[in-house]
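Here is how names work: the chains are called A, B, and so on, in the same order as the sequence lines, proteins then strands, and each is numbered from 1.
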Amino acid sequence: MDNTLTQNLNVNQLDAVMHKDGPALIIAGPGSGKTRVITSRIAWLIINEKIPIQEIAALTFTNKAANEMKNRIFHMLDIPPIKFLPNIGTFHSFCAYLIRENHNILNLDKNFAIYDSYDQTAVIKRTLDELNLDNKLYKPRVVLSIISGAKSKIQNPETYQKNISTAYAKNIYEIYKIYQQKLIQSNALDFDDLLMKTFEMLNSNQEISNLYQEKYKYLLIDEFQDTNLIQYSIAKLIANKTNNIFVVGDPDQSIYSWRNADITNILNFKSDYNKSKIIYLNKNYRSSQNIIDASQAIISENATNYSRQITAINEKGNLIISIESYDENEEAEIISKEINNIISSDKIQLKDIAIMYRTNAQSRAFEHYLSSLQIPYQLVGGTRFYQRQEIKDIIAYLRLTLNLNDDTSLLRIINIPTRGIGKSTIDKIILYANKSNISILDAATILSDVDEDNEISKILSNGPKKHVRSFLNLITDINNKSQTFSVEEIITYIIDKTNYKNYLLSSLTNPEERLENIEELISSINNFESEGGENKINLFLESVSLINDVDNLNDEQDKLTLITLHQSKGLEFDSVFLTGLEDGTLPHVLSFDSENEMEEERRLMYVGITRAKRRLYLSRVFKRGGWGKSELKEPSRFLFDIPNELIVGHQVNIHKEVKNNIIKKKESKIENNLPSLTAGNKVKHPHFGKGIIIQIEDSKDDFELTIAFDENKGIKKFLYTMSGIVKL
DNA sequence: CCAGAGAGGATTTTT
DNA sequence: TCCTCTCTGG
Ligand SMILES: Nc1ncnc2c1ncn2[C@@H]1O[C@H](COP(=O)(O)OP(=O)(O)OP(=O)(O)O)[C@@H](O)[C@H]1O
């Protein structure tokens with residue numbers, strides 16, 4: 001067997017890599033080589049078991065992880081990179097591939113669109129309008145997260161309906177139903193549908209499931225602790241024949257439960273595959289002993305602490321440096337200067353350093369100071385490139401060249417740039433489309449027809465009709481050209497014909513920057529590598545929806561990384577600055593009144609600490625600006641759990657009482673405010689019975705609760721202290 | 001129909 | 001603070 005493959009593995013890792021057939025569960029702490037094991041195992045299967053790479057499905061959490069895995073495998077095998085390898089990727093991209101391959105069976109056109117959260121919100125808003133529901137009561141964000149929750153538990157509208165009782169939930173069901181109809185009408189899928197459709201297809205179509213069960217002889221899943229029920233169910237279906245399912249995860253690094261990731265998948269795995277081999281890896285190769293000691297001190301405080309002790313193979317190393325600054329500006333200033341110091345005194349480069357934080361908004365101060373000190377950085381996350389207004393506009397035009405039923409894209413640009421099609425015209429078109437169950441484009445075509453003379457033809461008057469017709473001609477023209485043009489030519493044509501530049505310059509802020517963004521869009525399409533051919537736009541648009549910001553992190557350029565703790569999962573840096581370690585920032589305020597969420601915040605801190613190889617900085621401020629006002633902050637409760645002897649600098653007072661006071665203060669604040677009620681809670685009213693809180697508003701010395709009651713008792717408002725409401 | 005002003009509401013993490 | 005929605009006057 002090939003040395004290079006095995007020489008860098010310890011005994012347990014080897015055991016996992018060379019595991020024979022059958023299920024295996026690898027539970028392992030941070031930096032213990034989980035990713036290395038998965039990668040080596042794939043190479044081992046290919047080299048020793050002679051399994052073709054196309055017959056191994058390896059699913060990761062991010063595209064970046066998948067790409068790194070692929071590159072390392074190509075390197076290990078010493079073969080040139082294979083460009084199209086959809087069987088190694090994220091769950092979502094893998095599912096998108098399976099769906100594309102079988103679009104006929106699913107009654108989808110092959111050029112289906114994938115809707116991102118903006119598109120989803122637009123569909124929900126239209127749905128609410130159609131159902132005449134108030135979007136203050138049914139907030140699109142909330143509705144979408146309920147729908148997404150249902151989908152990740154494999155509930156379609158009908159199965160969702162079976163488990164509900166409140167009037168509020170019944171309306172959610174109505175919304176869910178219409179929302180799905182609109183997606184179908186638009187030949188579009190949302191993120192969760194990629195999983196739903198794949199599950200349905202594998203679950204109900206024997207022929208298809210046989211096909212893939214035979215094709216994918218080995219299935220490997222990374223970051224298993226952050227998979228949800230539907231993902232695990234898809235995995236079980238694929239591995240149904242061979243039982244060759246190999247999952248790797250760390251329950252203590254589970255940080256996506258708010259996105260329905262479900263740690264019980266790990267427990268269920270043990271019972272679903274009771275013959276499963278279980279391997280624990282407990283040596284940390286990444287970090288210094290001090291860093292690991294601090295991480296263990298943090299995580300061991302969790303009541304549901306899954307971890308086995310991990311031990312660092314590295315030396316004690318540097319002490320952890322603790323910094324308290326006055327406010328976020330000083331924090332950014334001190335850290336920026338410190339970064340300048342360490343890159344000039346130490347041998348490390350900017351790309352070995354990361355600044356991490358809980359919320360994207362915290363990056364602002366850093367960006368400001370880093371620019372002023374001319375320290376190059378790459379910001380991960382935030383407003384993503386493909387979500388910018390001008391980019392979404394162009395993408396909407398592009399999507400229409402593939403899919404004229406894409407109502408959301410059509411409505412997005414029907415009056416962009418403004419072309420005399422105003423709200424009332426659009427409303428009439430939408431109404432007619434809804435009534436007749438046809439696409440917006442078809443409705444617009446019918447309503448703008450001049451030759452007819454009947455009721456329908458009177459819906460729009462002549463002025464608007466003319467504008468709509470010229471818009472439709474524009475779309476037809478672009479689509480005709482798209483048959484023969486290259487992608488770059490199509491975009492140029494769109495910009496040209498719509499006078500988009502003019503619109504940017506006259507109507508939007510920062511037109512120069514936006515023009516540059518469009519240039520960048522064109523060049524990223526040109527660089528886009530795929531099987532090529534006619535599929536190019538299609539695959540490009542798919543990647544636009546599925547590819548994330550971290551995926552573009554590159555370490556070829558020597559730049560500092562600014563990143564959220566969530567996105568840092570799986571990465572490693574020589575030096576890490578964990579910032580904003582205040583109670584209210586990390587742990588975030590919104591997790592104060594939930595034990596589970598508080599534990600997840602702690603895991604987030606744990607993930608952050610364990611990203612660092614040699615240097616770790618823990619930074620907090622005394623005062624942090626929120627929106628408009630600024631607040632005094634106390635050190636994060638987590639800081640008190642790290643032994644003093646591991647730390648130099650501005651230490652927190654280690655006395656447990658201080659920590660307890662901080663926690664108590666927060667708790668009593670919540671109590672004075674409200675009995676930890678939030679929207680979505682189930683409550684009981686002495687007179688009206690059970691219901692769900694849909695809104696809480698401040699009201700002098702009291703709180704006004706808006707509650708939706710079961711059955712047909714409707715929606716009512718109460719003052720909290722007068723209502724006799726109790727939480728269920 | 002359109003643009004711009006002003007009010008008001010909401011603020012975590014993202015495939 | 002920033003984004004979204006609504007209103008107003010042209
Ligand atoms: N047997 C080994 N010998 C030397 N170095 C190793 C060994 N195993 C792993 N490493 C190194 O340890 C570091 C962490 O490995 P890897 O990223 O695979 O861990 P992980 O378990 O996936 O971590 P995490 O869960 O924290 O993302 C990497 O730099 C890797 O190269």
Rounding to a whole Å, what distance do you find between [X]:[atom1] and [N]:[atom2]?
X: A/Tyr357; N: B/dT11; atom1: OH; atom2: P; result: 20 Å
X: A/Asn360; N: B/dA10; atom1: CG; atom2: P; result: 21 Å
X: A/Arg141; N: B/dT14; atom1: CZ; atom2: P; result: 13 Å
X: A/Phe471; N: B/dC1; atom1: CZ; atom2: P; result: 15 Å
X: A/Gln387; N: B/dT14; atom1: CD; atom2: C1'; result: 10 Å
X: A/Gln389; N: C/dC2; atom1: CD; atom2: P; result: 16 Å
X: A/Asn502; N: B/dC2; atom1: CG; atom2: C1'; result: 16 Å
X: A/Lys139; N: B/dT12; atom1: NZ; atom2: P; result: 12 Å

For a quick check of understanding: with a heavy-atom distance under 4.0 Å over all strands, which category does [X] fall into, base, sugar-phosphate or nothing?
X: A/Phe91; value: nothing
X: A/Thr425; value: sugar-phosphate
X: A/Arg419; value: sugar-phosphate
X: A/Ser424; value: sugar-phosphate
X: A/Lys125; value: sugar-phosphate

(request) Determine the Euclidean distance between corresponding C1' atoms of B/dT12 and C/dC5; express it in Å to zero decimal places. (result)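 Between the two C1' atoms, the distance is 24 Å.
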(request) Using the C1' atom on both, measure C/dT4 against B/dT13 and round to a whole Å. (result)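 One C1' to the other, the span is 23 Å.
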Can you find a side chain N or O atom of [X] that sits less than 4.0 Å from OP1 or OP2 on [N]?
X: A/Gln567; N: B/dT13; result: no
X: A/Ser117; N: B/dT14; result: no
X: A/Thr564; N: B/dT14; result: yes

(message) If you assign each of A/Thr359 and A/Lys423 to its closest nucleotide in DNA chain B, which residue comes earlier from the 5' end?
(response)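 Upstream on the strand: A/Lys423.
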(request) Between A/Leu590 and A/Asn415, just flag the one whose closest nucleotide in DNA chain B comes earlier from the 5' side. (result)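 It is A/Asn415 whose nearest nucleotide is closer to the 5' end.
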(message) Applying the 5.5 Å / 30° rule, does A/Trp258 stack onto the base of B/dT13?
(response)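 Yes, aromatic ring over the base.
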(message) Would you say the base of B/dT13 stacks on A/His566 (centre-to-centre below 5.5 Å, plane angle below 30°)?
(response)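 A stacking contact does not exist, since A/His566 is not both close and nearly parallel to the base ring of B/dT13.
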With the threshold set at 4.0 Å, does a side-chain nitrogen-carboxylate oxygen contact exist between [X] and [Y]?
X: A/Lys34; Y: A/Asp222; answer: no
X: A/Asp583; Y: A/Arg637; answer: yes
X: A/Arg624; Y: A/Asp327; answer: no
X: A/Asp427; Y: A/Lys423; answer: yes

(message) Tell me whether the NZ or CZ atom of A/Lys569 lies within the 45° cone about the ring axis of A/Phe61 and under 6.0 Å from its centre.
(response)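 Yes, cation above the ring, under 6.0 Å and within 45°.
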(message) Side chain of A/Arg364 only, heavy atoms from C-beta on: which candidate in C/dC2, B/dT14, B/dT12 is closest?
(response)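 Minimum distance to the A/Arg364 side chain belongs to C/dC2.
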(message) Counting only side-chain heavy atoms from C-beta out, which of B/dT12, B/dT14, C/dT1 sits nearest to A/Arg259?
(response)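 For A/Arg259, the side-chain atoms sit closest to B/dT14.
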(request) Go through the steps for A/Thr408 and A/Arg126 under the test side chain to side chain contact (heavy atoms under 4.5 Å, CB included), then give the verdict. (result) CA-CA 9 Å; A/Thr408 306; A/Arg126 268 190 288 141; 2.9 Å; yes
